[in-house]
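First up is the structure itself, then whatever we jot down about it.
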Amino acid sequence: MASRRNIVIIGGSYGGISIAHYTMKHTINALPDKESYQVVLISASSQVMSRPACPRALISDDMFPQDKLFADIRSQFSQYPDGSFRFIQAAAEAVDHEARSVTYTVEAGTREELSFHALVVATGASSTSPLMGFNPNEASLKESWKKFRNALSSAKSIVVAGGGPTSIETAAELGDYLNGTSSSPQTAKVPITIISGTSQILPSLRPSLAKSAEQYLSKLGVRVLTSTRVMTVSPENAGRTITDLTSPSTLTLSNNETITTDLYIPAIGTTPNTSFLSPALLTPSSQIETNTATLRVSKAGPLIYAIGDCSSYARPAVHNILSAVPVLGNNLKRELLLAAGKSEGDVPQEKVFKEDKRESQLVPLGRSKGVGAMMGWRIPSFFVWLIKGRDYWLWTTGGLWSGKQWAKEA
Ligand SMILES: Cc1cc2nc3c(=O)[nH]c(=O)nc-3n(C[C@H](O)[C@H](O)[C@H](O)COP(=O)(O)OP(=O)(O)OC[C@H]3O[C@@H](n4cnc5c(N)ncnc54)[C@H](O)[C@@H]3O)c2cc1C
């Protein structure tokens with residue numbers, strides 16, 4: 001339909017899928033001439049996954065029911081009237097925010113350009129290790145897990161770099177699986193070493209929780225080196241590319257130690273997936289410069305928004321996305337209604353996002369323990385297990401992917 005007004009959302013994960021459902025449920029029907037609008041979700045992957053589960057899921061398919069860990073995106077949207085929604089499996093290659101178009105190549109190899117009336121960018125961030133998410137899709141993730149699992153069965157040592165939750169959870173899951181829960185770094189069947197550049201692991205939590213985590217890790221056969229940086233890795237791409245994912249490697253550290261290891265996992269940060277946007281729209285760390293209150297990409301012009309790990313709106317975390325969805329959904333609706341000729345009195349008022357910056361992080365340490373805090377309150381190990389460690393939030397994602405979570409307009 002040539003005259004369609006496309007509301008394009010790029011990236012099919014926590015941010016993109018949520019905004020797509022929110023818009024389908026609460027915005028399209030409110031627009032005059034609603035048949036002229038289409039929500040188009042463009043994502044590099046045909047599936048969505050519960051990404052926080054990666055530290056355990058990478059060990060074996062037996063860790064989680066695979067039909068809960070992964071979900072097909074198209075079928076989550078079959079509930080909406082024909083023609084109102086379209087899914088395109090493709091990676092966006094260029095967005096021209098002035099001409100208001102997005103370019104991508106579909107699987108058959110054809111390059112296509114789609115104009116947009118409104119745009120939401122939700123392309124997240126890629127992890128340094130291919131084991132931790134879609135870099136860029138489910139096929140690459142499953143290939144890396146397969147290769148890692150093959151090497152895991154004969155690995156005699158593992159090094160995990162990073163002091164954040166991904167590193168700590170991964171080392172703990174591997175320790176629980178390989179060494180059990182009554183081990184020690186000295187007696188472990190497969191010694192595991194965490195190398196943390198910060199003086200405290202889990203720097204978003206209070207020091208006493210980081211200390212408890214170190215004690216639990218020790219029982220899983222995990223040694224923790226703090227205030228230590230990995231200076232060189234040989235081969236250079238060990239753990240970073242699928243080719244060198246399981247290459248035995250030698251690391252030199254800032255404390256002058258040299259470690260050789262069978263498996264090296266660089267769980268050290270992420271890179272925003274924003275290379276298809278004009279650099280003028282990005283911060284120095286390549287996030288999309290987003291108004292932290294309205295979630296608009298103000299420099300890009302009207303009706304352009306960003307959410308999730310590609311955006312500068314807040315810390316990268318699912319709970320921030322869930323709080324931001326109703327704000328972005330509302331502000332997009334308001335702007336679409338105004339653009340369709342509605343008057344100020346007939347449209348919802350602008351909503352404002354405010355990040356909750358209280359200490360909030362739950363960190364499972366293997367399959368029975370954990371440390372963490374929520375909204376500033378320390379959470380005992382049993383409840384960390386109950387809320388997150390039991391199934392790494394899989395109990396929450398069904399409603400998110402299907403849109404049930406967004407049934408009510410907030
Ligand atoms: C190992 C790990 C554990 C985590 N644990 C937690 C946790 O316990 N709690 C928590 O709150 N947060 C956690 N996080 C952070 C959380 O996973 C992210 O905040 C969340 O996944 C971000 O969602 P998103 O929608 O921004 O994008 P992502 O989940 O990063 O997904 C981006 C999507 O966009 C697609 N895409 C990328 N580039 C393009 C393109 N050019 N065109 C089209 N599509 C594209 C990708 O294929 C992907 O589907 C964890 C992250 C990791 C890596």
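Counting starts at 1 for both ligands and their atoms, following the listed order. FYI, side chains are in, hydrogens and waters are out, and symmetry mates aren't considered; it's all heavy atoms of this structure.
- For ligand 1, the atoms closer than 4.0 angstrom to any heavy atom of A90 are 42 (N), 43 (C).
- Of all the atoms in ligand 1, the ones that sit under 4.0 Å from a non-hydrogen atom of Y14 are 20 (C), 21 (O), 23 (O), 25 (O).
- For N320, no heavy-atom contact with ligand 1 is shorter than 4.0 Å.
- Exactly one of V222, L152, T170 qualifies for a side-chain contact (heavy atoms from CB on, under 4.5 Å) with I158. That residue is L152.
- Protein heavy atom closest to atom 9 (N) of ligand 1, with residue, atom name and distance, is W393 NE1, 3.9 Å.
- Between V318 and ligand 1, at least one N/O pair is under 3.5 Å apart.
- In terms of protein heavy-atom proximity, atom 4 (C) of ligand 1 is closest to P52 CA, 3.5 Å.
- Proximity to M132 (heavy-atom distance under 4.0 Å) selects the following atoms of ligand 1: 1 (C), 53 (C).
- Between P165 and V363, the shortest heavy-atom contact is CB-CG2, 4.3 Å.
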(request) Report the C-alpha separation of W145 and F148 in whole Å, then their side-chain angles, then the decisive distance to 0.1 Å, and conclude whether the ring pair (Phe, Tyr, Trp, His ring centres under 6.0 Å) test is met. (result) CA-CA 5 Å; W145 282 358; F148 182 82; 9.7 Å; no
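- The single protein non-hydrogen atom nearest to atom 39 (C) of ligand 1 is T123 CG2, 3.5 Å, given as residue, atom name and distance.
- Applying the 4.0 Å criterion to heavy atoms of P316 picks out, from ligand 1, the atoms 19 (O).
- Judged by distance alone, the side chain of H319 and the main-chain N or O of Q361 form no donor-acceptor pair under 3.5 Å.
- Residue contacts with ligand 1, taken as heavy atom pairs separated by less than 4.0 Å, do not involve Y104 at all.
- For atom 30 (O) of ligand 1, the closest heavy atom belonging to the protein is R51 NH1, 2.8 Å.
- For S127, no heavy-atom contact with ligand 1 is shorter than 4.0 Å.
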(request) Could you go through the ring pair (Phe, Tyr, Trp, His ring centres under 6.0 Å) check for Y313 and F353 one step at a time? (result) CA-CA 9 Å; Y313 81 118; F353 172 75; 5.4 Å; yes
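- Judged by the 6.0 Å and 45° rule, K142 forms a cation-pi pair with F70.
- Within the structure, salt bridge (Lys or Arg N to Asp or Glu O under 4.0 Å) contacts touching residues 78-101 (residues at least two apart or in different chains) are E93-R111.
- Between N137 and ligand 1, not a single N/O pair is under 3.5 Å apart.
- Backbone and side-chain nitrogen or oxygen atoms of F276 are examined, and none is located within less than 3.5 angstrom of a nitrogen or oxygen of ligand 1.
- Summarising the geometry of L114 relative to N6, their closest heavy-atom pair is CD1-ND2, 3.6 Å, with the distance given to 0.1 Å.
- A donor-acceptor distance shorter than 3.5 angstrom exists from the side chain of S157 to the backbone of D262, with no hydrogens or angles considered.
- Within the 4.0 Å heavy-atom criterion, the part of T166 lying near ligand 1 is the side chain and not the backbone.
- Paired with S126 under the rule side-chain hydrogen bond (donor to acceptor under 3.5 Å, both in side chains), one option of D309, N273, T270 passes, and it is N273.
- Applying the 4.0 Å criterion to heavy atoms of G15 picks out, from ligand 1, the atoms 25 (O).
- Across A340 and Y37, no two heavy atoms sit closer than the pair CB-OH, 3.8 Å.
- Scanning the protein for heavy atoms near atom 41 (N) of ligand 1, the closest one is A92 O, 3.2 Å.
- Closest heavy-atom approach to atom 46 (C) of ligand 1 within the set P272, G11, P136, G308: this belongs to P136.
- An N or O contact shorter than 3.5 Å links A44 to ligand 1 by distance.
- N331 places no side-chain N or O within 3.5 Å of a backbone atom of E335 that could act as its donor or acceptor partner.
- Side-chain atoms of N135 and L141, non-hydrogen and from C-beta on, never get closer than 4.5 Å to each other.
- Residue K388 places a heavy atom less than 4.0 Å from ligand 1.
- The protein heavy atom nearest to atom 27 (O) of ligand 1 is G124 CA, 3.2 Å.
- Of all the atoms in ligand 1, the ones that sit under 4.0 Å from a non-hydrogen atom of A317 are 11 (O), 12 (N), 19 (O).
- Under a 3.5 Å cut-off, the side chain of R4 and the backbone N or O of E35 do form a donor-acceptor pair.
- Scanning the protein heavy atoms around atom 48 (C) of ligand 1, the nearest turns out to be F134 CD1, 4.3 Å.
- The heavy atom nearest to atom 26 (O) of ligand 1, considering only I9, T170, D309, is found in D309.
- Contacts between E169 and ligand 1, counted as non-hydrogen atom pairs separated by less than 4.0 Å, are absent for every part of the residue.
- Listed by number with element, the atoms of ligand 1 under 4.0 Å from a non-hydrogen atom of A125 are 30 (O).
- In this structure, Y392 contributes its side chain and F64 its backbone to no donor-acceptor pair below 3.5 Å.
- Taking distance alone, with nitrogen or oxygen atoms compared against 3.5 Å, S13 approaches ligand 1 more closely than that limit.
- Nearest protein heavy-atom neighbour of atom 24 (P) of ligand 1: I321 CD1, 4.0 Å.
- At a heavy-atom distance under 4.0 Å, no atom of Y392 approaches ligand 1.
- Under 4.0 angstrom from ligand 1, the non-hydrogen atoms of I10 all belong to its side chain.
- None of R56, R149, K146, K68 except one satisfies the salt bridge (charged side-chain N to carboxylate O under 4.0 Å, His left out) rule with D61; the exception is R149.
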(request) Might you work through the side-chain contact (heavy atoms from CB on, under 4.5 Å) test for E173 and I59, ending with a clear yes or no? (result) CA-CA 8 Å; E173 292 298 336; I59 293 173; 3.9 Å; yes
